[in-house]
Every structure is written in structure tokens, then in C-alpha cells.
Undergrad: 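Below: one structure in C-alpha cells.
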Amino acid sequence: MFTAFNILQHRAVLLNTSLKVRRDHFRSFADRFSTVSDSAVARVCARVAETGIIHGEDSEEKRVVELMKEVQLVNRNVPGTSSARIAMRNEIRAMMASHGMPNFYLTINPADIYNPVVKLLSGADIDVDELLPEDVPDPWEQSILIAKNPAVGAQFFNIYMRAFIQ
């Protein structure tokens with residue numbers, strides 16, 4: 001399931017991501033961009049992907065780095081990104097403007113790495129009713145358990161939400 005989500009998110013990123021340059025700098029940016037070669041851009045991108053550090057070794061690569069500083073990445077309609085969170089916040093603000101302030105806020109945080117039910121769902125033999133504080137699973141071990149078996153995390157979330165709604 002996570003593989004399918006990853007593929008869909010990569011597709012959404014590719015379809016909905018664009019680059020933005022200030023309007024008053026666009027003409028000079030386009031002129032400078034036309035002076036750098038594809039290979040210089042590829043070299044800088046490969047170096048950034050490998051080391052995480054943005055720098056140019058020759059004059060052409062330094063121009064590419066300067067151009068990168070002027071460009072902003074814009075995502076729209078990509079779930080899980082900061083722009084999606086901003087869009088949701090704006091939607092909530094618009095609803096508050098049209099319907100008024102909500103009377104009741106509720107935040108549900110099903111922290112699966114701290115809950116012994118996850119260990120029970122993964123097949124461990126534990127008695128949840130007589131669980132002592134020292135028997136509560138270690139959060140790191142729980143994280144590894146969920147990473148190895150994400151279906152357990154999904155089952156826990158489903159059980160937790162159904163119990164809350166009922």
C-alpha cells in the first residue's frame with residue numbers, strides 16, 4: 001500500500017511542480033539561463049544529490065548555482081507537502097469566515113509507537129488488560145515493527161478510529 005502511495009505521490013509531484021521566478025527578474029533570468037549548458041546543470045544536480053551541498057566548481061557551474069538561488073519550487077495539489085498543508089489551512093480559514101468560528105476543536109493522535117495494541121496485532125503474546133508500565137514496548141522497537149509491517153499500523157489506526165467514533 002505504501003509503495004502504491006509512493007508511486008502516486010511521485011506522479012503528483014511530477015505533474016504539479018513548477019519553478020517560479022520573480023516577474024521583474026524573468027527576462028534577465030531567461031537570458032542568463034540560456035548561457036549555461038545542460039551538462040553543467042546535470043553536474044550540479046548530481047553533486048547536490050550525492051553530497052547535499054550546493055556549489056559550483058567552474059564558472060559555468062557557479063552560474064547554475066546563482067540561478068538556483070533565484071528560483072523557487074512551487075507544488076500544488078500534492079498530498080503530504082507543505083503547500084498541501086497551507087491549502088488546508090486556507091480552506092479552514094475560509095470556512096471560518098463563511099460559517100463563523102468553530103465551538104469545539106478536537107485533535108486525535110493515535111501514537112502507534114507508544115501503544116501496546118500494535119505489538120498485540122503483530123502477533124506478540126501479551127495480555128493488554130494486565131500490562132505493567134515496564135512491559136510497555138520501547139518506541140524504537142515499535143517504530144521498527146511498524147516499518148517492517150505497515151499493515152499493522154493501518155490496522156491499529158482503523159481500530160483506534162472506530163473505537164473513538166463509537
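Computation of the quantities below employed the complete heavy-atom set of this structure, encompassing side-chain atoms and omitting hydrogens, waters and symmetry-equivalent molecules.
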Undergrad: If Ile, Leu, Val, Met, Phe, Trp and Tyr residues are connected whenever their side-chain heavy atoms lie under 4.5 Å apart, and connections chain through other members, are Val117 and Trp140 in the same group?
TA: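 They do not share one cluster, since no chain of ILVMFWY contacts under 4.5 Å joins Val117 to Trp140.
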Undergrad: Would you find more than 12 non-hydrogen atoms of other residues, nucleotides or ligands less than 6.0 Å from Asn90 atom CG?
TA: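 For Asn90, atom CG is crowded (more than 12 foreign heavy atoms under 6.0 Å).
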Undergrad: About how many Å separate NZ of Lys148 and OG of Ser143, when rounded to the nearest 0.5 Å?
TA: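 The NZ atom of Lys148 is 12.0 Å from OG of Ser143, to the nearest 0.5 Å.
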Undergrad: May I ask you to test the Lys62-Val65 pair for a side-chain heavy-atom distance under 4.5 Å?
TA: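 Lys62 does not reach Val65 side chain to side chain.
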Undergrad: Short question: side chain of Glu61, backbone of Glu57 - any donor-acceptor pair under 3.5 Å?
TA: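 Yes: the side chain of Glu61 pairs with the backbone of Glu57.
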Undergrad: Would you say Met96 has more than 12 foreign heavy atoms packed within less than 6.0 Å of its CE?
TA: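 Result for CE/Met96: enclosed.
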Undergrad: Taking all atoms of both residues into account, what is the closest heavy-atom pair of Gly153 and Ile146, and its distance?
TA: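 Nearest heavy atoms, Gly153 then Ile146: CA-CG2, 4.4 Å.
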Undergrad: With side chains defined as the heavy atoms from C-beta onward, is the minimum distance between Val71 and Phe33 less than 4.5 Å?
TA: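 Val71 does not reach Phe33 side chain to side chain.
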Undergrad: Kindly indicate whether the side chain of Asn115, heavy atoms from C-beta on, has any atom under 4.5 Å from the side chain of Tyr160.
TA: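 Yes, at least one pair of side-chain atoms sits under 4.5 Å.
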Undergrad: Keeping the roles fixed (side chain from Thr17, backbone from Leu14), state whether a donor-acceptor pair exists under 3.5 Å.
TA: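 Pair absent, no side-chain N/O of Thr17 close to backbone of Leu14.
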Undergrad: Ion pair present between Lys69 and Glu66, side-chain N to carboxylate O less than 4.0 angstrom?
TA: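 Answer for the salt bridge query: yes.
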Undergrad: Would you say the side chain of Ile53 lies within less than 4.5 Å of the side chain of Val48, judging by non-hydrogen atoms?
TA: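 When only atoms from C-beta onward are counted, Ile53 and Val48 do not touch, as no gap falls below 4.5 Å.
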Undergrad: Are there over 12 heavy-atom neighbours, none belonging to His10, within less than 6.0 Å of that residue's NE2?
TA: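 Counting neighbours around NE2 of His10, 12 or fewer heavy atoms of other residues, nucleotides or ligands fall under 6.0 Å, so no.
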Undergrad: Quick one: CE on Met88 to CD1 on Ile92, what's the gap to the nearest 0.5 Å?
TA: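 The CD1 atom of Ile92 is 8.0 Å from CE of Met88, to the nearest 0.5 Å.
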Undergrad: For the hydrophobic clusters of this structure (ILVMFWY residues joined by side-chain heavy atoms under 4.5 Å, transitively), does one cluster hold both Ile86 and Leu73?
TA: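 In one cluster: no.
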Undergrad: State plainly whether one hydrophobic cluster holds both Val118 and Ile144, where clusters connect Ile, Leu, Val, Met, Phe, Trp and Tyr through side-chain heavy atoms under 4.5 angstrom apart.
TA: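 No; tracing contacts between hydrophobic side chains, which count when under 4.5 Å, never links both residues.
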Undergrad: Looking only at atom types and distance, does a side-chain atom of Gln142 sit under 3.5 Å from a main-chain N or O of Asp112, one as donor and one as acceptor?
TA: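 A pair under 3.5 Å: yes.
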Undergrad: Can you measure from CE (Met161) to CZ (Phe156) and round to the nearest 0.5 angstrom?
TA: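 The distance works out to 8.0 Å.
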Undergrad: Could you measure the distance from the CG atom of Leu19 to the CD atom of Glu70? Nearest 0.5 Å is fine.
TA: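 It is 12.5 Å, given to the nearest 0.5 Å.
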Undergrad: State, to 0.1 Å, how close Ser122 and Leu145 come at their nearest heavy-atom pair, and which atoms those are.
TA: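 In terms of heavy atoms, the two residues are closest at OG-CD2, 3.6 Å.
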Undergrad: Let me confirm one number: the CG-OG1 distance from Leu8 to Thr3, rounded to the nearest 0.5 Å.
TA: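 Spacing of CG (Leu8) from OG1 (Thr3) equals 11.0 Å.
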Undergrad: First locate atom CD of Gln9, then atom CG of Asn16, and finally report the distance between them rounded to the nearest 0.5 Å.
TA: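 With rounding to 0.5 Å, CD (Gln9) is 11.0 Å from CG (Asn16).
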Undergrad: For residues Glu60 and Thr35, report the shortest heavy-atom separation together with the two atoms involved.
TA: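 Taking Glu60 first and Thr35 second, the nearest heavy atoms are OE2-O, 4.0 Å.
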